[in-house]
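Report on the structure given below.
When a residue number appears, it is its place in the shown sequence, counting from 1.
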Amino acid sequence: MAEKPQPVRVLYCGVCSMPAEYCEFGPDFEKCKPWLIHNAPDLYPDLIKQSNLKEADKVTEQLQSTGISSDGATPSASKQEEVKRLPGGKIKKKEKQEVVIEKVIRNKRKCITTVKGLELFGVKLSDASKKLGKKFATGASVVKGPTEKEQIDVQGDISYDIVEFITDTWPDVPDTAIFFIEDGRKVPAA
């Protein structure tokens, strides 16, 4: 007679309460990583390698901050190239302070003028959209663009009149920092 099959013992994550094999597909995988390294190291061997590399990077950073380095370089050399690193090894560059104006044509004759980058000069986008709407007698609203950054959409083709209005209304924005996007190229407005 055949033996009875035994039930499978499933290890559930203590953070997201999913089976440990499925944590990488869940919404909180970054939060689950320490728990997985400690409780299920055989499921994700790459995590252990990554954590060892991170610990080695932390040690070298500490050595460089105290003035000791493994390659003999001075700590001031690393401060010159100060770039913010994001999780996953991505590098975040500092944004240039510039206003980009783009005209988007929709439905053959209708145009929308988008203004991006005003917030980098300390301008509140909600106030700017109200002023633009009043000045040009059109609808203007603050929307999230394709890069998840807020921009101002103004109905109508006001791309060339808008430069003078921006520089007059907000003197912090110089003429040299305003650009148009024409045919996919960035062209200075001045």
Side-chain angles (χ1 to χ4, degrees), residues 5-102 104 112 114-129 140-154 172-173 177-179 181 184-186:
Q6 294 296 318
V8 177
R9 308 245 339 130
V10 178
L11 177 66
Y12 288 96
C13 176
V15 178
C16 66
S17 70
M18 293 177 63
E21 296 88 18
Y22 295 105
C23 276
E24 65 182 315
F25 304 112
D28 302 337
F29 186 55
E30 291 297 321
K31 293 178 184 175
C32 294
K33 283 181 180 180
W35 188 90
L36 289 170
I37 290 170
H38 186 264
N39 295 311
D42 55 325
L43 287 177
Y44 296 101
D46 295 339
L47 288 179
I48 296 172
K49 291 177 187 174
Q50 286 178 356
S51 66
N52 290 339
L53 289 174
K54 286 180 184 177
E55 288 175 11
D57 288 342
K58 286 180 184 178
V59 170
T60 54
E61 284 178 18
Q62 289 175 349
L63 290 175
Q64 286 180 351
S65 67
T66 58
I68 304 169
S69 63
S70 58
D71 58 353
T74 59
S76 61
S78 64
K79 289 183 181 177
Q80 288 175 354
E81 297 180 22
E82 198 165 312
V83 180
K84 187 172 184 180
R85 292 202 175 265
L86 297 173
K90 295 181 182 175
I91 298 173
K92 183 177 182 182
K93 295 180 181 176
K94 192 172 183 181
E95 292 186 40
K96 294 180 183 177
Q97 281 195 332
E98 59 187 20
V99 176
V100 179
I101 300 169
E102 183 179 7
V104 179
I112 294 177
T114 59
V115 181
K116 305 172 192 171
L118 270 178
E119 73 277 359
L120 298 174
F121 292 96
V123 178
K124 283 189 174 179
L125 293 182
S126 58
D127 295 341
S129 68
S141 61
V142 178
V143 295
K144 283 199 175 188
T147 59
E148 294 297 320
K149 291 189 179 180
E150 291 187 336
Q151 64 187 26
I152 300 174
D153 281 356
V154 184
D172 294 342
V173 182
I178 301 176
F179 295 92
I181 293 184
R185 292 178 296 143
K186 198 182 283 188

Distance in Å, [X] [atom1] paired with [Y] [atom2], rounded so as to fall on 0.5 Å steps:
| X | Y | atom1 | atom2 | answer |
| --- | --- | --- | --- | --- |
| Glu21 | Leu43 | CD | CG | 5.5 Å |
| Ser141 | Gln151 | OG | CD | 9.0 Å |
| Cys16 | Trp35 | SG | CH2 | 8.5 Å |

Non-hydrogen atoms of [X] and [Y] that approach each other most closely:
| X | Y | result |
| --- | --- | --- |
| Val99 | Phe121 | CG2-CE1, 3.6 Å |
| Cys32 | Cys13 | SG-SG, 3.6 Å |
| Met18 | Gly26 | SD-CA, 4.0 Å |

Side chain to side chain contact (heavy atoms under 4.5 Å, CB included) with [X]: which residues, sequence neighbours excluded?
| X | answer |
| --- | --- |
| Pro34 | none |
| Leu125 | Leu118, Glu119, Val142, Glu150, Ile152 |
| Val104 | Glu102 |

*Partners meeting ring-ring contact (aromatic ring centres under 6.0 Å, His included) with Phe29 (sequence neighbours left out)*: Tyr44

*Listed partners of Lys31 passing salt bridge (Lys or Arg N to Asp or Glu O under 4.0 Å), at least two apart*: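 With neighbours one apart ignored, the set is empty.
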
